[in-house]
Amino acid sequence: MNMGASGIAPTFSAAYGGKLVNRKLAALLFGIFVCLGAISLGRGVVKTISQGILPQSFMNFDVALVILLSATASLFLANLLGIPESTSMVTVGAITGAGLYFKHLQLRTFLWLIPLWVLFPVISFLLTYFIYRMIYPPRDKNLWLYEKILSQEKALRVLALIISCYGAFAVGTNNVANALGPLVGAKIIDMNLGLFLIAPFFGLGALFFGKRNIETFGKEVVPLGTITASLVSLVTGSLLVVASSLGAPFPYVQLTALSIFAISCIKNGHRVTLSHHITRRTMMVWTLTPLLATGVSYLLLSLFLKK
């Protein structure tokens with residue numbers, strides 16, 4: 001549920017900020033499409049989480065419980081602060097803490113995972129920046145395109161909502177694995193059954209715990225309209241689906257935040273965006289919560305388990 005509260009921000013904050021949906025409808029649509037994404041494309045990431053970072057021989061009930069508790073505690077802190085945090089980063093952080101405790105980390109996974117974590121958010125920023133720069137601000141070279149797009153307001157609103165649902169589908173392909181992976185690794189639950197059981201709780205978390213997160217990126221960083229709502233969700237959702245197809249647990253929150261920051265840079269300038277209090281607080285939370293998950297996981301295992 002904490003993962004759902006964090007995950008609704010990168011999918012529906014754009015549509016919510018653009019006043020295309022209210023919060024309850026956003027949570028309902030988010031939950032439905034997360035389920036669809038998890039069932040259809042979520043298995044590759046579950047495999048990486050369950051055995052790609054910590055060898056499955058070390059994953060048992062107690063270890064899975066510690067990993068989930070550590071990740072959830074870190075996410076809960078971020079949710080209290082109103083900063084959407086990556087479910088993937090805190091989950092990988094918690095598993096890394098367990099790997100450090102057992103002194104068995106499969107480092108080859110990080111050799112391809114970390115470069116993706118760095119590269120894809122940069123691509124998200126650059127794609128959003130250059131695509132939106134083509135139509136905004138209106139000027140001699142692009143005025144015809146700007147006016148043509150704005151003349152299709154009703155179609156744009158429908159398209160923006162469809163693309164937000166596509167973004168929720170993308171979250172399902174990737175982030176449900178963060179809750180399910182440790183359970184599958186510990187052989188507590190079958191992967192296919194787990195996808196059906198875990199995914200609906202993302203929607204419940206979005207409904208009950210997601211208000212502050214969706215407000216933060218939907219309205220506080222930069223007001224988002226129909227065009228920007230569609231662009232943000234399309235760019236970030238597509239990148240996440242690619243990551244899921246590679247079996248990579250991915251920080252979707254960062255993809256969307258960088259995309260929204262690109263919009264803000266064009267509208268408000270780079271200096272204003274970088275000095276915004278939300279930007280500074282976001283960067284701090286993104287840095288601290290994965291480290292917190294790693295530390296809590298290592299500490300709990302040290303206190304309650306014997307090697």
Side-chain angles (χ1 to χ4, degrees), residues 1-7 9-10 45 48-50 52-55 58-59 62-122 124 174-175 177-179 181-182 185 205 209 212-213 216-217 243 248-258 261 274 276-305 307:
M1 290 179 71
N2 272 283
M3 289 179 178
S6 185
V45 185
T48 300
I49 291 291
S50 63
I53 300 170
L54 178 69
F58 291 93
M59 192 78 79
D62 294 332
V63 174
L65 181 62
V66 166
I67 289 170
L68 291 172
L69 179 62
S70 303
T72 302
S74 302
L75 278 174
F76 184 67
L77 174 62
N79 289 335
L80 286 178
L81 295 173
I83 297 295
E85 175 56 284
S86 165
T87 61
S88 296
M89 292 190 75
V90 295
T91 303
V92 171
I95 298 173
T96 300
L100 292 173
Y101 172 77
F102 290 114
K103 296 183 173 61
H104 279 81
L105 268 179
Q106 303 200 111
L107 296 177
R108 65 179 182 273
T109 300
F110 290 94
L111 293 178
W112 61 268
L113 187 58
I114 291 177
L116 283 180
W117 280 4
V118 174
L119 180 62
F120 273 32
V122 173
S124 178
N174 201 278
N175 288 356
N178 297 319
F209 302 147
R212 288 196 65 188
N213 289 336
T216 296
F217 279 102
F250 204 86
Y252 186 41
V253 167
Q254 277 82 338
L255 286 179
T256 301
L258 267 293
F261 287 158
L274 291 175
H276 198 290
H277 71 282
I278 292 295
T279 305
R280 294 196 303 270
R281 190 171 63 174
T282 296
M283 297 302 176
M284 180 186 69
V285 171
W286 284 355
T287 302
L288 294 180
T289 47
L291 294 176
L292 176 64
T294 302
V296 170
S297 176
Y298 185 92
L299 178 63
L300 290 177
L301 290 171
S302 300
L303 289 174
F304 298 113
L305 292 185
K307 292 183 182 179

Could you pull out the closest heavy-atom pair between N174 and S88, with the gap in Å?
-> OD1-OG, 3.5 Å
At their closest point, which heavy atom of F209 faces which heavy atom of A5, and how far apart are they?
-> CB-CB, 3.4 Å
Taking side chain to side chain contact (heavy atoms under 4.5 Å, CB included) as the test, write out the residues that go with [X], two or more places apart.
X: L68; value: P182, L183
X: A73; value: none
X: A71; value: V90, T91, A94

Starting at [atom1] of [X], measure out to [atom2] of [Y] and round the result to the nearest 0.5 Å.
X: L105; Y: I53; atom1: CG; atom2: CD1; value: 8.5 Å
X: M3; Y: F76; atom1: CE; atom2: CZ; value: 14.5 Å
X: L255; Y: S124; atom1: CG; atom2: OG; value: 5.0 Å

Check: residues 115-122 side-chain donor-acceptor pairs under 3.5 Å, at least two apart:
residue, atom, partner, partner atom, Å
W117, NE1, P249, O, 2.8

Take V92 and I49 through the test side chain to side chain contact (heavy atoms under 4.5 Å, CB included) and record every step on the way to the result.
-> CA-CA 7 Å; V92 171; I49 291 291; 4.3 Å; yes
Who are the ring-ring contact (aromatic ring centres under 6.0 Å, His included) partners of F58, not counting sequence neighbours?
-> F102, H104
Would you confirm whether [X], through its side chain, and [Y], through its main-chain N or O, come within 3.5 Å as a donor-acceptor pair?
X: N2; Y: T72; result: no
X: T294; Y: G93; result: yes
X: S297; Y: A293; result: no

Begin from the C-alpha positions of F110 and T96 and carry the test side chain to side chain contact (heavy atoms under 4.5 Å, CB included) through to its verdict.
-> CA-CA 10 Å; F110 290 94; T96 300; 3.4 Å; yes
Dump the intermediate steps for side chain to side chain contact (heavy atoms under 4.5 Å, CB included) on V63 and L54, then the final yes or no.
-> CA-CA 10 Å; V63 174; L54 178 69; 4.1 Å; yes
